[in-house]
Structure formats: structure tokens, C-alpha cells
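The sequence lines fix the lettering, A, B, ..., with proteins before strands; numbering per chain opens at 1.
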Number of protein chains: 2
Amino acid sequence: MTARRGDLLDPSCPTRQLLDRIGSKWVSMLFLALGAEDEVRFAELRRRAPGISSKVLADTLRVLERDGFVSRRVEPTVPPAVHYGLTPLGRSLAAPLAVLRDWAETHMADVDDARSAYDTRAPVGTPKSML
Amino acid sequence: MTARRGDLLDPSCPTRQLLDRIGSKWVSMLFLALGAEDEVRFAELRRRAPGISSKVLADTLRVLERDGFVSRRVEPTVPPAVHYGLTPLGRSLAAPLAVLRDWAETHMADVDDARSAYDTRAPVGTPKSML
DNA sequence: CTGCATCCCAGCTGATACTG
DNA sequence: CAGTATCAGCTGGGATGCAG
């Protein structure tokens, strides 16, 4: 049907774009953090994503808002209060993410074992990248 | 169950590691290419992943082999013939990947629309005075 | 409180050339 | 054919400082 083989290298390939998003460092964690409640404020998100800088958090949220995954509501108080939440589209991504998490928690131990075995067989020469 | 919130920033978090893998540029395409048959040779993989360099292909395959996703079988002929295939573990990842692909093909059009709408609302370079 | 402007750096990715 | 060696570039992510 759709998906010819070469699709995934087209930058416009839907799957490619989705993988780029959810593979981004903080995105999956923000989905978790936002999924817990209806709305979460900026500072609270920072707390739930320990280590993120405000720049990266703002950047990531803007990208997700642009994608339609995240809603942004500003209360025009002083100082301002900004509330973020998942849109229906964003919530619809929860299922695929849960499938990934389940697979990971079920099988990544096998991956660890495979790595140990591989490293025992080939102690030197493993590329440092992609580890 | 497990998954405390902070898990996803731990480099050892299973989900984090899985996302890093499948988000890598050529991995999902190689899974597609390898899933079609039992075994595929190096040069054939290059053909099925147009644009990949032999270095990147070799690196990626080695990482996937180390993870236990991919098997590697060398025929000691001259010149050598190397056959790659998916292990059972690698094949078990097909389902999660299919879920992602399905979601992407169903919903990424909505994301495109959201982006267009966002870009219309916030064109580049709009003076703040006009907001 | 929120988040933009800058500057900066690591490492993923790629181009090219070479070898058993 | 199936890689390895080397070098270069870009982009994502981060530190810091400032502003509305």
C-alpha cells in the first residue's frame, strides 16, 4: 500500500517525522508529565523533567504546540502563568508510546544480555557512537 | 508500574534506549528491509537504503547486531558474502514499529495541518507590536 | 514566572579514499 | 564484496544572562 521501502528516508515520511519527534530527548518524558493531569505549568514541568533548561523546555514545548500535540494557555496575570496540556491529538499518541514502553520493559533485558555477550566476544573495536 | 517519572532521563531507562535506537536515522528502514526476507546481503541493503554510506551501514548493522536485533553470517568465500537477518528479538520489534507507522499514517496529516495553522498565526518576523 | 538571545560544544552523520 | 580509516559539518542540546 503506501510504505514503499524508500519512504522512510524522505524527510516528509510520516513515520520518519514521528520518530524524530518522540526520539527527541525530552519529548516522551513531557508526554508522561503532561498526561498525568489536564494542565501543568511551565515551572512544574521543569520540576518533572529534572535537568532540562528553560530554553530547551520552551523550545520543545513550542515544537509540540506547533505540531498540535500540546495546548498552551496563558493567564494574563503578573507575573504570567502559562498552562500546558495535551490536545486530543497528543493524547492519541499515548497508546503507541505505551506499546513502545511495554516492549522496552519486556525485552530490553535481552538486549543488555546480547550486548554483554557481544562485548565478551569482541572486546575491542566497538564504535563509540550510537551507544 | 515501574516507570517513575524521572526514568526516561536515565540513560539506562529501557524506553530511552529503545527510542534512541529506533529514532536513529537508518534503523527503522533497515528493519523494514530486513523484515522482507530471511537474509539480505550487505550490498542489497545498501540498495534498499538509498543514500546510506557503507560506513554508516556497517556501523548501524554492528550496533544492531550487538543489541541482538540482527544476525550476521559470513560465507568464507572469495570475495566474502555476508548475510544479515533479523533475530527473533528483532522480529519481535516489528509489532511496536507497525503501531508507530499506523499512527503516523493516520494522524500525521493532522500534524501538518496544525503546523500550517501555527505558522499562519505566527509568521516569521512579525513585530510584537502587531500581536 | 516565563522564555528569548547568545554562545558553545559533543557526537551523529556523511564524503572520500583505501584494503583484504 | 564488505568493510575500515580519516576528516569535516551540522544540528540538537546546554550554559548563561537578560527581559516583559
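- Side-chain nitrogen and oxygen atoms of A:Arg41 include at least one within less than 4.0 Å of the OP1 or OP2 phosphate oxygen of C:dT2.
- When rounded to the nearest whole Å, the span between CG of A:Leu61 and C1' of C:dC4 equals 14 Å.
- Where B:Lys55 and B:Arg47 each meet DNA chain D at their nearest nucleotide, the meeting point lying more 5' is that of B:Arg47.
- Distance from the side chain of A:Ala43 is smallest for C:dT2 among the nucleotides C:dG14, C:dG3, C:dT2.
- Between A:Arg16 atom CZ and C:dT13 atom C1' the separation is 13 Å, expressed in whole Å.
- For the helix from C:dC1-D:dG20 to C:dG20-D:dC1, the axis fitted to the five pairs at one end and the axis fitted to the five pairs at the other end meet at an angle of 50° (nearest 10 degrees).
- Side chains of B:Ser71 and B:Glu65 form no contact here, defined as non-hydrogen atoms less than 4.5 Å apart.
- With C:dC4, C:dT13, C:dA17 as the choices, the nucleotide that has an atom nearest any side-chain atom of B:Ser54 turns out to be C:dA17.
- If you walk DNA chain D from 5' to 3' and mark each nucleotide with an atom closer than 4.0 Å to a heavy atom of chain B, the marks span D:dC1 to D:dT6.
- Here A:Glu44 does not pair with A:Arg41 in a salt bridge; the nearest charged N to carboxylate O distance is not below 4.0 Å.
- As a member of the Ile/Leu/Val/Met/Phe/Trp/Tyr network built from side-chain separations under 4.5 Å, A:Val99 groups with B:Val99.
- Residues B:Leu97 and B:Leu32 have side chains not in contact (no heavy-atom distance under 4.5 Å, counting atoms from C-beta outward).
- Counting only heavy atoms from C-beta outward, the side chains of B:Leu100 and A:Pro96 approach each other to under 4.5 Å.
- Across residues 65-73 of chain A, not one residue has a non-hydrogen atom less than 4.0 Å from an atom of DNA chain D.
- Within the 4.5 Å cutoff, the side chain of B:Arg62 has heavy atoms near those of the A:Tyr118 side chain.
- Where B:Ser53 and B:Pro79 each meet DNA chain C at their nearest nucleotide, the meeting point lying more 5' is that of B:Ser53.
- Counting heavy atoms from C-beta outward, B:Leu57 and B:Leu61 have side chains that approach closer than 4.5 Å.
- Residues A:Leu45 and A:Val63 are members of separate hydrophobic clusters, defined by side-chain heavy-atom contacts under 4.5 angstrom among Ile, Leu, Val, Met, Phe, Trp and Tyr.
- The nearest whole Å value for the distance from the CZ atom in B:Arg46 to the C1' atom in C:dT13 is 14 Å.
- One atom, CG of B:Asp59, and another, P of C:dG11, lie 15 Å apart when rounded to the nearest Å.
- One finds no side-chain N or O of B:Trp26 lying less than 4.0 angstrom from the OP1 or OP2 phosphate oxygen of C:dT13.
- In this structure, B:Ser24 reaches the C:dT13 phosphate: one of its side-chain N or O atoms is under 4.0 Å from OP1 or OP2.
- Sequence neighbours left out, the pairs with a member in residues 76-85 of chain A that pass side chain to side chain donor-acceptor pair (under 3.5 Å) are A:Arg72-A:Tyr84, A:Glu75-A:His83.
- A straight line from CG of A:Leu64 to P of C:dG3 spans 13 Å, rounded to a whole angstrom.
- Ring pair A:Trp103/B:Phe69 is tilted by interplanar angle, where 30° to 60° counts as tilted.
- Rounding to the nearest 0.5 Å places CG of A:Asp102 at 10.5 Å from NE2 of A:His107.
- Put simply, A:Tyr84 has a side-chain N or O that comes within less than 4.0 Å of OP1 or OP2 on C:dG3.
- Atoms CD (A:Glu39) and C1' (C:dC1) sit 16 Å apart, rounded to a whole Å.
- Other cluster members for B:Val78: none, since no ILVMFWY side-chain heavy atom sits under 4.5 Å from it.
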